[in-house]
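Here's the structure, in C-alpha cells; my notes come after.
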Amino acid sequence: MSSNPVAETVASLMPRARTELGELVAFKSVADFDQFPKSESEGAANWVADALRTDGFQDVALLDTPDGTQSVYGYLPGPEGAKTVLLYAHYDVQPPLDESAWTTPPFELTERDGRWYGRGAADCKGGLIMHLLALRALKANGGIPVHVKVIAEGSEEQGTGGLERYAEEHPELLAADTIVIGDTGNFRLGLPTVTSTLRGMTLVRVQIDTLEGNLHSGQFGGAAPDALAALIRVLDSLRAKDGSTTVDGLAAHATWDGLSYDEEQFRQDAKVLDGVELIGSDAVADRIWARPAVTVLGIDCPPVVGATPSVQAGARALVSLRVPPGVDSTEATKLLQAHLEAHTPWGARVSTEQIGQGQPFSADTTSPAYTAMADAMAVAYPGQEMQYAGQGGSIPLCNTLAALYPRAEILLIGLSEPEAQIHAVNESVSPEELERLSVAEAVFLQNYAGS
C-alpha cells in the first residue's frame with residue numbers, strides 16, 4: 001500500500017481491531033432464538049452500542065425491530081453543510097453448522113496461516129470493524145468530513161425483515177446522500193471490487209401429507225403413498241437434468257455483462273470435489289449472478305440413526321430461491337409455490353408457506369460516489385483498477401433503502417472474498433483485506449466530501 005497518513009494510521013490500529021473483532025466474534029449472535037440464546041444477540045448489540053459511544057457517536061440507540069431483534073444506530077456529526085453517509089453492517093451471524101468440523105472453535109477468533117478464523121469474522125462483524133477503523137483513521141488525520149450514520153442490523157442472516165420494516169416506519173432515521181453497505185466482498189483476495197447487483201431471495205416451507213400416521217413398510221409398502229418419496233419427487237422437479245433451476249414460468253436464461261468468472265477458478269473457490277461436475281450451463285457468472293438458483297436448505301424426515309421400517313405419513317422441506325435482478329421476488333414466490341403444488345404426485349396434500357423474502361438489487365455505477373470509491377480503491381490497492389461484480393447472495397435492506405431514498409447512491413463493499421468461506425465451517429477474514437478496505441473507505445469519505 002502506498003505511503004499515506006490514513007493508511008499509516010489504519011496500520012497502527014490493526015492490533016486494536018484484532019482485539020475488538022475477537023470480542024465481537026465471541027458472541028453467539030445467531031438470530032434464531034430456538035437454537036441460540038437471545039442474550040447472546042443482545043450482548044453483541046450492546047457491544048456495538050458501547051463501541052459507537054466510545055468513538056463519540058451521538059443518539060446511540062438499540063432499535064427494537066418488528067421481528068424481535070435489535071439493530072444498533074448511531075450518528076456522528078461532521079462539518080456544517082456536509083453530506084451524510086450511512087455505513088451499514090450486521091452483527092448477527094449464521095449458525096456454525098457442525099462445530100466439530102471447525103479446526104478451531106467458531107466463536108473464538110484464532111489466527112492461523114495469516115488469517116483470522118471465527119464465525120462472523122468476515123460476514124459481517126468484520127464489516128463493522130472496517131467502518132470503525134476508517135472513521136478512527138479520519139479522526140486522526142484532520143477529522144471526519146461528512147455526517148456519518150451507522151446502522152448495525154441484528155437479523156440480516158435470517159431474512160426476517162425487521163430492519164426493513166423499522167426503516168419504513170421511521171424513514172427519516174437512515175436518510176443519507178450515500179450508503180455504504182459493508183457486507184459483500186472482493187471478487188478475489190486483493191482485487192478491489194464493488195458489487196453492483198444482488199440476487200433477491202425467497203424462503204418457502206413445503207409440507208406434504210399422505211397418511212394419518214406412519215405405517216409398517218412391510219405390511220403397507222408398495223401401495224401406501226409415502227410422503228417422503230412424494231417430497232423427493234417434488235424437490236427433484238425444481239432442477240433440469242444438468243442441475244439448472246427450473247421453476248415453471250420463471251425466466252432462467254439471462255446473461256451477465258461484466259467481470260467474468262473462470263470456471264476452474266470457481267471450482268477452486270467452491271472447493272468442488274475432483275470429478276464432480278458444476279451444475280447449469282453457460283458462463284459461471286450467468287449462473288450465479290444473473291439467473292435464479294434453488295437450494296433445498298433442510299428436510300424434516302427421520303434420521304438414518306434410529307430409523308424404523310415405516311412408510312412416512314408426512315415430510316417437509318425448506319426451499320430457498322435466489323431471484324436475479326429484473327425479477328420481482330413476490331412474483332417469483334408465487335411461481336415457486338405454484339410449481340411445488342403442481343408437481344406434488346399421487347394427490348398428496350401439499351401446503352406451502354413463505355417465511356422470508358428480499359428483492360434483488362441493481363446499483364447505478366455511473367454516480368459520483370462510484371468515481372470517489374474507484375479513486376479510493378486505487379490508493380488502498382496500488383496498481384489495481386476497481387472491478388464491478390455481481391453477488392449471488394441477498395441483502396434485503398438494499399432495496400428498502402433504495403425505495404426510501406431514491407436519490408441516495410448505494411455502494412457495496414466488504415470482506416467476504418472467496419477464501420473467507422462465509423456461511424461454511426472455518427470462516428475467516430484476511431487482516432490485510434480488512435486493513436486495505438478500511439483505508440479505501442476512509443479515503444472514499446474524503447473524496448466524496450469534496451465531490
Side-chain angles (χ1 to χ4, degrees), residues 1-27 44-61 72-79 82-91 109 111 116 120-122 124-152 176 178-183 192 372-373 375-377 379-381 411 413-415 429-450:
M1 197 181 307
S2 60
S3 178
N4 177 287
V6 167
E8 292 172 0
T9 301
V10 170
S12 72
L13 292 171
M14 288 302 292
R16 179 182 176 184
R18 165 68 175 80
T19 298
E20 289 180 325
L21 185 57
E23 293 172 356
L24 195 49
V25 164
F27 292 103
N46 280 294
W47 188 98
V48 174
D50 288 342
L52 295 180
R53 293 188 188 101
T54 299
D55 279 340
F57 276 78
Q58 302 175 4
D59 305 324
V60 175
V72 187
Y73 170 83
Y75 174 68
L76 192 62
K83 298 173 183 176
T84 299
V85 177
L86 174 68
L87 305 178
Y88 167 91
H90 63 85
Y91 67 82
L109 193 68
E111 186 166 357
W116 299 343
C124 177
K125 292 176 176 179
L128 178 69
I129 300 300
M130 175 184 74
H131 293 326
L132 295 178
L133 277 171
L135 297 175
R136 289 167 184 167
L138 288 174
K139 280 185 178 180
N141 291 276
I144 298 173
V146 295
H147 303 297
V148 175
K149 296 179 179 180
V150 165
I151 187 71
T178 282
I179 300 165
V180 179
I181 306 290
D183 191 26
M373 182 60 80
D375 292 342
M377 290 288 200
V379 173
Y381 295 85
L411 299 98
I413 62 173
L415 301 164
V429 69
S430 162
E432 290 185 0
E433 202 85 302
L434 173 59
E435 182 177 343
R436 289 181 183 274
L437 284 169
S438 299
V439 172
E441 183 167 276
V443 176
F444 160 74
L445 293 174
Q446 290 177 325
N447 294 347
Y448 182 65

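Only heavy atoms go into these numbers, but all of them, side chains included; no hydrogens, no water, no symmetry mates.
Partners of A442 by side chain to side chain contact (heavy atoms under 4.5 Å, CB included), not counting sequence neighbours, listed by chain and number: V6, A134, L138. The side chain to side chain contact (heavy atoms under 4.5 Å, CB included) search around D375 returns T371, N447, not counting sequence neighbours. In this structure E23 satisfies the side chain to side chain contact (heavy atoms under 4.5 Å, CB included) test together with T19, W47, sequence neighbours excluded. Residues meeting the side chain to side chain donor-acceptor pair (under 3.5 Å) test with D50, sequence neighbours left out: R53. Residues satisfying the side chain to side chain donor-acceptor pair (under 3.5 Å) test with D55, not counting sequence neighbours, are R136. With sequence neighbours excluded, no residue forms a ring-ring contact (aromatic ring centres under 6.0 Å, His included) with Y73. Partners of N141 by side chain to side chain donor-acceptor pair (under 3.5 Å), not counting sequence neighbours, listed by chain and number: T9. Remark: R18 engages no residue in a side chain to side chain donor-acceptor pair (under 3.5 Å) (not counting sequence neighbours). Considering only residues two or more places apart in sequence or on other chains, Y91 meets the ring-ring contact (aromatic ring centres under 6.0 Å, His included) condition with none of them.
A137 and V10 make their closest contact through CB-CG2, 3.6 Å (heavy atoms, listed as atom of the first residue, atom of the second, distance). When all heavy atoms are compared, the tightest approach of A51 to L132 is CB-CD1, 4.2 Å.
Here the side chains of F444 and I413 are not in contact, with every heavy-atom distance at 4.5 Å or above. A 4.5 Å side-chain heavy-atom check between F57 and L135 finds at least one atom pair inside the cut-off. Looking at V429 and I129, their side chains never come closer than 4.5 Å, going by heavy atoms from C-beta outward. Counting heavy atoms from C-beta outward, L76 and K139 have side chains that approach closer than 4.5 Å.
Formation of a donor-acceptor pair under 3.5 Å by the K149 side chain with backbone atoms of A176 is not found in this model. Looking only at distances, no side-chain donor or acceptor of H90 sits under 3.5 Å from a matching main-chain atom of K125.
Each of L128, L13, L437 was compared with L133 under the side chain to side chain contact (heavy atoms under 4.5 Å, CB included) criterion, and only L13 meets it.
Considering OG1 of T84 and OH of Y75, their distance stands at 5.5 Å, rounded to 0.5 Å.
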